[in-house]
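Working notes, beginning with the structure itself.
Note that the coordinates shown come from a computational prediction; the quantities given were computed from them, not determined experimentally.
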Amino acid sequence: MARFPPGFVADLKAQADIVQVVQEVVALRRAGTSYKGLCPFHTEKTPSFTVNGDRGFFHCFGCGTGGDVIKFVQLQESLTFPDAVLALAQRFGVRVPESDDPARDAAAEGERETLLAVHELARDYFRAELATPAATEARAHLEAREVLAPTAERLGLGFAPPQREGLKRHLLDAGYGIDVLLKSGLVVERAEGRTVDRFRNRLMIPICRDGGSVVAFGGRALGVGQQPKYLNSPETPLYAKGRTLYGLHLTKQAVRRLGYAVMVEGYFDLAQLVQGGIEPVVATCGTALTATQGRLLRRFASKVIVSFDPDAAGQEAAVRSGEILVTQGLEVNVAILPPGEDPDACVRNRGATAFNDTLKQSRPYLEFALERAAAGRDFTRDQPRRAFLSEMLTLAARVPDPAARHQFADRLAQRARVPEDVLRAEIRKAAVARRTTAPAAMEDVLGGEIREAEVAGGGERAPAMLQAEKALLWALVREPAAALAALGEIEPRDIHGLRTAPILEVALSLAGIPPAAVPDTLVERLEPEEAALVRTIAAEPVAPATNAGACWITLRQRRYRQELALLGDEIERRPTESDELLRRKQELHRRVNELDELDAGVVQEHPGA
């Protein structure tokens with residue numbers, strides 16, 4: 001029977017929304033904080049089957065059947081436990097690191113439990129220190145930020161004293177070894193071999209999973225000139241910053257009840273909002289939002305209102321975060337505060353009512369992104385319009401809701417003065433191929449000529465996958481060093497229109513990381529269906545092509561030959577300009593011939609290719 005590493009099953013259940021899974025087979029209605037429906041495991045006329053999304057379990061009061069999301073999949077699909085885990089992981093895009101070493105698993109599970117206990121003890125230590133005379137400056141900081149004592153208590157705020165070994169000695173006295181403390185990230189080893197507390201003279205903020213367990217800390221500097229201003233725990237066996245949303249363990253019931261969440265950036269943004277009675281709030285803590293965090297939030301809400309700092313960096317982060325949330329199927333709005341006023345300052349200066357008014361005036365994300373992208377562009381010129389359309393086409397292709405996509409297309413067509421039918425056709429094609437530049441048909445529109453033949457039919461069928469694409473995906477997991485070498489030769493235009501273009505775009509962003517880290521990093525950054533495709537190809541025992549390092553040649557050849565075909569059409573359409581076009585065609589032929597020779601050399605060097 002397949003075994004899974006410690007903590008993996010708990011992580012999977014945290015990401016797999018039981019309400020979403022059950023709703024595929026049971027019509028559910030909200031009943032208070034739970035959902036009710038007819039039991040799928042026995043015949044009944046009156047609903048006695050309940051699902052509690054916050055706690056992640058189901059129970060039927062009629063037949064007594066109950067359990068978690070994995071148990072539901074087991075019963076519904078007649079699967080073993082390992083097969084149910086694999087099915088859920090594939091559906092939610094979670095990588096499955098199987099293990100066949102029971103002794104190692106037991107040791108790792110014990111280590112996780114120990115680390116959880118260490119973090120709980122550290123939280124209690126920091127909280128107790130906040131009441132000591134040494135924490136005068138920390139309490140003054142909270143008073144200056146207008147964080148009241150009940151709020152500080154609810155958030156578990158504490159104080160790390162300036163001594164270099166205060167927490168270390170406390171944890172050692174409690175019986176924990178120095179190796180455990182180092183692995184927890186609460187203690188660090190200096191170059192000279194000395195071990196000291198990571199957090200010193202800082203206001204401490206515990207970071208919890210949505211279930212409430214403390215897995216990390218954030219520390220706000222209190223000393224003059226102390227850097228960095230905010231210091232967070234490193235990633236550990238307990239904590240991955242891209243999988244945790246600050247405050248969700250406190251606010252998830254309000255988020256679930258109201259159906260929406262307010263997303264802010266900082267710890268104190270969340271503190272002020274919660275203190276002001278605005279309960280459905282979560283924070284990213286200044287790190288870039290990930291798809292995993294989006295899926296986690298989707299378990300509790302269908303809508304997110306993003307309220308980041310109004311400066312350029314904050315608004316750019318709002319654009320990126322909004323796109324990720326929209327891609328995860330969430331309805332997204334953006335609340336824009338006056339210049340110089342973040343959510344924390346808004347509530348302190350003008351009260352919670354003023355912030356609520358800002359939320360009510362929030363704009364749909366797609367409208368916000370469109371207007372932001374259009375700002376400052378001269379649409380009387382073709383090049384700015386092309387750049388604008390390329391950017392918006394990428395975004396439109398990632399909107400999963402067809403109705404929202406069509407509405408966005410209407411706004412986009414009006415803004416860029418492009419025929420709606422042509423734009424919708426290109427969005428349909430981009431939704432399949434995930435193109436990232438304005439395609440040929442769109443460029444014709446921008447030039448005042450519409451070649452309707454190129455957009456007829458809508459282009460709904462995805463392009464066939466090239467052998468070179470499969471080889472690259474296989475190598476990214478099985479031979480990452482060779483794959484990185486190949487990606488180093490690829491130009492962005494080489495992958496336009498490929499079925500795997502979105503995956504290869506992410507892969508191109510991995511340049512510079514160690515080859516061994518490529519497989520996990522790639523899968524983590526992909527959409528669920530993309531990750532599933534990579535895993536399927538990587539599972540093949542033999543590489544689709546024996547020389548993945550030369551795949552870039554195939555992709556470049558394909559691009560040049562497509563450009564040659566387009567040039568041939570242009571020469572027929574514009575005979576008066578044929579001399580210049582012919583020169584361009586000859587240059588492309590020369591490049592193709594060079595690649596053919598290079599390819600032949602590679603084949604001779606690797607005759608099995």
Side-chain angles (χ1 to χ4, degrees), residues 130 137-158 203-208 218 220 222 229-230 245-286 289 297 300-319 321-322 325 330-365 367-368 372:
L130 186 61
E137 191 173 355
R139 293 192 298 272
H141 183 83
L142 290 176
E143 184 177 351
R145 303 291 295 250
E146 299 180 24
V147 177
L148 304 179
T151 303
E153 180 72 18
R154 184 181 179 190
L155 296 175
L157 303 184
L203 181 67
M204 297 301 295
I205 304 121
I207 299 171
C208 303
R220 205 285 185 189
L222 295 171
K229 184 176 179 181
Y230 284 95
L245 286 169
Y246 176 68
L248 184 59
H249 67 295
L250 296 175
T251 64
K252 63 183 180 182
Q253 291 187 356
V255 171
R256 175 84 79 179
R257 183 179 70 253
L258 297 172
Y260 73 92
V262 179
M263 179 174 286
V264 296
E265 289 184 282
Y267 302 118
F268 289 99
D269 292 327
L270 182 139
Q272 281 298 335
L273 266 58
V274 169
Q275 183 171 275
I278 303 171
E279 286 286 336
V281 56
V282 296
T284 63
C285 300
L289 189 74
L297 195 52
F300 303 96
S302 58
K303 180 177 180 178
V304 180
I305 304 175
V306 178
S307 181
F308 289 176
D309 290 359
D311 59 15
Q315 293 306 286
E316 184 60 33
V319 170
S321 300
L325 295 168
L330 288 154
E331 180 186 352
V332 183
N333 276 30
V334 178
I336 303 174
L337 290 164
E341 188 175 69
D342 58 18
D344 173 21
C346 176
V347 174
R348 284 194 285 134
N349 296 337
R350 298 191 288 130
T353 300
F355 187 79
N356 270 321
D357 289 341
T358 301
L359 297 181
K360 293 174 184 176
Q361 296 165 13
S362 62
R363 302 169 59 192
Y365 167 73
E367 177 183 314
F368 166 79
R372 181 176 171 80

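- Using modelled atom types, one side-chain atom of Glu265 and one backbone atom of Asp309 make a donor-acceptor pair closer than 3.5 Å.
- Here the side chain of Thr358 pairs no donor or acceptor atom with the backbone of Ala335 at under 3.5 angstrom.
- Here the straight-line distance linking atom CD1 of Ile305 with atom CG of Leu359 works out to 5.0 Å at 0.5 Å rounding.
- Within a 6.0 Å sphere centred on CD of Glu143, heavy atoms belonging to other residues, nucleotides or ligands number 12 at most.
- Residues Ser307 and Phe355 form a side-chain contact, since some pair of their non-hydrogen atoms from C-beta on lies under 4.5 Å apart.
- Contact detail for Pro310 and Pro338: the closest heavy-atom pair is CG-O, 3.3 Å.
- Side-chain contact between Leu245 and Leu289 is present, with at least one heavy-atom pair separated by less than 4.5 Å.
- Taking 4.5 Å as the limit, some side-chain heavy atom of Gln315 sits within range of a side-chain heavy atom of Ile336.
- Side chain of Arg139 to backbone of Leu130: a donor-acceptor contact under 3.5 angstrom is found.
- Atom CG of Leu157 and atom CD1 of Ile205 lie 6.5 Å apart (nearest 0.5 Å).
- Contact record, Leu222 with Glu137: O-OE2, 2.5 Å, taken as the closest heavy-atom pair.
- Contact detail for Asp269 and Asp344: the closest heavy-atom pair is OD1-N, 3.0 Å.
- For the pair Tyr260/Glu331, no side-chain contact is recorded, criterion being any heavy-atom separation below 4.5 Å from C-beta on.
- Annotation: side chain of Arg145 is in contact with side chain of Arg348 (closest heavy-atom distance under 4.5 Å).
- The shortest distance between side-chain heavy atoms of Met263 and Leu325 falls below 4.5 Å.
- Taken to the nearest 0.5 Å, the OG1 atom of Thr353 stands 8.0 Å off from the NZ atom of Lys360.
- Atom CG in Leu248 sits 10.0 Å away from atom CG in Leu270 (nearest 0.5 Å).
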*Can Leu250 and Val274 be said to form a side chain to side chain contact (heavy atoms under 4.5 Å, CB included), step by step?*
CA-CA 9 Å; Leu250 296 175; Val274 169; over 6 Å; no
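- Contact detail for Cys346 and Leu337: the closest heavy-atom pair is SG-CD2, 3.9 Å.
- The closest donor-acceptor contact from the side chain of Tyr365 to the backbone of Val319 lies under 3.5 Å.
- A donor-acceptor pair under 3.5 Å is absent between the side-chain atoms of Thr151 and the main chain of Val147, judged by distance alone.
- Between Glu279 and Arg257 no salt bridge is recorded (no basic side-chain N to carboxylate O distance below 4.0 Å).
- Taking 4.5 Å as the limit, some side-chain heavy atom of Leu155 sits within range of a side-chain heavy atom of Tyr246.
- A pairwise comparison of heavy atoms in Asn333 and Pro364 identifies OD1-CA, 3.5 Å as the closest pair.
- Here the CZ atom belonging to Arg256 is positioned 10.5 Å from the OG atom belonging to Ser302, to the nearest 0.5 angstrom.
- Residue Gln253 qualifies as open at atom CD: its count of foreign heavy atoms under 6.0 Å is 12 or below.
- Separating the OH atom in Tyr267 from the OG1 atom in Thr284 is a distance of 9.5 Å, to the nearest 0.5 Å.
- Between Gln275 and Glu146, the shortest heavy-atom distance links the atoms NE2-O, 2.7 Å.
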*Starting from the C-alpha separation in whole Å, work towards a yes-or-no answer on side chain to side chain contact (heavy atoms under 4.5 Å, CB included) for Arg350 and Glu341.*
CA-CA 10 Å; Arg350 298 191 288 130; Glu341 188 175 69; 2.6 Å; yes
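- Cation-pi contact between Arg363 and Phe368: absent, since separation from the ring centre below 6.0 Å together with deviation from the ring axis within 45° is not met.
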*Decide side chain to side chain contact (heavy atoms under 4.5 Å, CB included) for Asp311 and Asp342; before the verdict, give the C-alpha distance in whole Å, the side-chain angles of both, and the deciding distance to 0.1 Å.*
CA-CA 9 Å; Asp311 59 15; Asp342 58 18; over 6 Å; no
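- In this pair, Phe268 and Tyr230 present their aromatic rings tilted. The plane angle is within the 30 to 60° band.
- Looking at heavy atoms from C-beta onward, Pro280 lies out of side-chain contact with Phe300 at the 4.5 angstrom threshold.
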